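Model, not experiment: these values are computed from the prediction. Here is how names work: the chains are called A, B, and so on, in the same order as the sequence lines, proteins then strands, and each is numbered from 1.
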Amino acid sequence: MSSSGCPPLAPDAVLAVSRDGGFAAMPGLNRERRIDCRTLSPAQRQRLQAVLAEVERQSGQECAPGADRRVFRVVLLSAAGQPDWERELDESLTPKQVIGLWKLGMAALES
Amino acid sequence: MTAFSEASRSPGFMPPHVLERIVSHGNTRLQQCARTTLQADAQFRLRSAVPAAARPADSHRPGEPARYIYDANQQQLLPGDLVRREDEPETGDTAVDEAYQWLGATHRFYWQVFRRDSIDGEGMALLGTVHYGEAYDNAFWNGAQMVFGDGDGELFERFTAALDVVAHELTHGVIERDAGLIYADQSGALNESLADVFGTLVKQHHFEQRVDEADWLIGEGLLTARVNGRALRSMAEPGTAYDDPVLGRDPQPGHMDDFARTSSDNGGVHINSGIPNRAFYLAATRLEGYAWEQAGVVWYDALTDDSLQRDTDFAAFARLTIAHAGERYGRGGEVERAVASAWRDVGVTA
Ligand SMILES: [Zn+2]
């Protein structure tokens with residue numbers, strides 16, 4: 001898997017955001033949100049690209065100490081379903097927009 | 001107690017096999033975390049996570065806790081506003097008062113059973129924050145304090161509702177201080193299991209339950225009535241705590257044959273902990289009586305043993321408990337045999 005910066009979002013890429021870990025790590029809480037770039041306008045895709053750049057910046061930070069902390073995982077998939085880029089972030093370092101994307105989908109980036 | 005154990009075994013390097021194993025998951029964050037764990041001196045980390053000036057005073061009375069409960073007011077900023085200190089009366093805020101009471105019960109357990117005075121054995125202040133985040137479905141240890149969410153009310157009640165949850169989080173501090181177990185793969189699952197083991201022992205001790213009276217559940221009372229489940233984990237029967245349309249089905253194995261290989265949850269630390277959890281349950285129930293009197297002592301001896309490696313696997317930990325059982329209660333004796341057969345029955349040792 002590439003360790004370089006976030007690649008540009010292809011028009012047919014798919015973004016998958018999931019959360020795992022925590023004291024209450026339970027399979028039903030690990031649901032994955034998928035965002036298909038084919039459904040996005042160029043402006044939306046640009047906003048999403050900016051969020052991924054922020055993820056890339058945060059993922060360079062030191063890992064949060066302790067135990068039972070939750071983690072967000074952001075994976076960029078090619079149209080063929082191949083993971084092109086993947087980052088994991090401790091919850092405390094995860095940008096608000098990523099948590100919003102996971103909870104609400106693209107609606108989180110509209111306001 | 002173990003004041004010098006960390007210094008004597010906090011290496012400034014990462015044993016190559018550890019890095020290799022974590023790299024095999026292709027997970028750069030895990031690798032980074034493992035490196036942080038290995039490099040940082042646990043004592044230094046505990047003390048430095050909160051700036052010295054901001055940290056409240058430790059207890060100066062041996063065997064008495066120094067509790068500080070904070071209110072995050074639904075924000076995610078730590079520690080929040082200080083709302084209850086040691087010896088102050090109840091506030092009327094259920095979460096605040098539960099955190100205070102359960103931290104006290106946990107401190108009492110460690111003091112009365114093991115003569116351990118708080119997390120560091122030296123009266124370290126116990127910091128707990130409640131009302132963390134909005135509808136926050138988690139509790140955690142951040143290296144310096146405990147943090148509890150209110151739960152969303154749909155699936156989860158507040159995370160201070162169960163004594164063993166509070167005790168589990170405090171125990172993560174003890175484990176970090178004494179063993180520094182890397183929070184990934186088998187050492188991470190063992191870290192989780194030890195937090196469950198001592199979490200449930202605190203509960204049994206507080207309610208004076210013998211092994212056959214205890215429920216051996218983790219987080220009983222945390223799930224709302226809408227959830228089809230009894231608790232978050234079952235130490236007696238891993239994999240049977242819940243089976244719910246929203247939360248899914250309890251994935252914990254109770255035997256090495258079903259060991260889960262996954263890159264999520266730091267390599268399944270909350271999943272594979274079911275195996276050592278069941279080993280403890282089997283050992284304790286075979287010995288009968290109060291679990292903290294023999295099985296608990298053996299597990300505590302192993303946890304505080306300087307030879308326990310930070311990247312230990314289940315088998316190495318099992319051997320350590322068997323050795324301590326023999327040392328403390330006699331070689332070939334009942335306790336040693338109960339411990340050895342428990343690990344055999346979950347497939348950790350042959
Ligand atoms: Zn834990």
Novice: Out of curiosity, Gln145(B) CD to Leu127(B) CG, how far, rounded to the nearest 0.5 Å?
Specialist: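 So the CD of Gln145(B) and the CG of Leu127(B) are separated by 5.5 Å.
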Novice: Just so I know, are the side chains of Trp102(A) and Val74(A) near enough to count as touching, which here means a heavy-atom distance under 4.5 Å?
Specialist: no
Novice: Are Gln49(A) and Pro8(A) close enough that some pair of their side-chain heavy atoms sits under 4.5 Å apart?
Specialist: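 Side-chain contact under 4.5 Å: yes.
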Novice: Do any N or O atoms from the side chain of Arg33(A) and from the backbone of Lys103(A) form a donor-acceptor pair under 3.5 angstrom?
Specialist: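 Looks like yes, one N/O pair under 3.5 Å.
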Novice: Which atoms of Arg249(B) are under 4.5 Å from chain A, going by heavy atoms: the side chain, the backbone, both sets, or neither?
Specialist: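 Just the backbone, heavy atoms under 4.5 Å.
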Novice: Just to verify, what does Asp250(B) make a salt bridge (Lys or Arg N to Asp or Glu O under 4.0 Å) with, not counting sequence neighbours?
Specialist: none
Novice: Please check if atom CD in Glu32(A) has more than 12 non-hydrogen atoms from other residues, nucleotides or ligands closer than 6.0 Å.
Specialist: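 Enclosed.
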Novice: Which members of residues 149-161 of chain B, sorted by number, sit under 4.5 angstrom from chain A on a heavy-atom basis?
Specialist: Leu155(B), Phe156(B), Phe159(B)
Novice: Taking the side chain as every heavy atom from C-beta outward, state whether Val246(B) and Val227(B) have any atom pair closer than 4.5 Å.
Specialist: no
Novice: At a heavy-atom distance under 4.5 Å, which candidate from Ser18(A), Ala25(A), Ala67(A), Ala24(A) has the highest pair count against chain B?
Specialist: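 Of Ser18(A), Ala25(A), Ala67(A), Ala24(A), Ala67(A) has the most heavy-atom pairs under 4.5 Å with chain B.
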Novice: Please state whether the side chain, the backbone, both or neither of Leu78(B) comes within less than 4.5 Å of a heavy atom of chain A.
Specialist: neither
Novice: Could you have a look at Glu91(A), Arg70(A), Arg31(A) and say which one has the most heavy-atom pairs with chain B under 4.5 angstrom?
Specialist: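 If we count pairs closer than 4.5 Å to chain B, Arg70(A) comes out on top.
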Novice: About how many Å separate CG of Leu181(B) and NE2 of His172(B), when rounded to the nearest 0.5 Å?
Specialist: 10.5 Å
Novice: Please identify, among Val269(B), Ile271(B), Val165(B), Val147(B), the residue contributing the most non-hydrogen atom pairs under 4.5 Å to chain A.
Specialist: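 Winner by heavy-atom pair count: Val165(B).
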Novice: Specify which of Gly268(B), Gly248(B), Ser264(B) makes the most heavy-atom pairs with chain A at under 4.5 Å.
Specialist: Ser264(B)
Novice: Counting only non-hydrogen atoms closer than 4.5 Å, does Gln252(B) touch chain A with its backbone (N, CA, C, O), its side chain (CB onward), both, or neither?
Specialist: neither
Novice: Within the side chain of Asp20(A), is there an N or O that forms a donor-acceptor pair under 3.5 Å with the backbone of Asp265(B)?
Specialist: yes
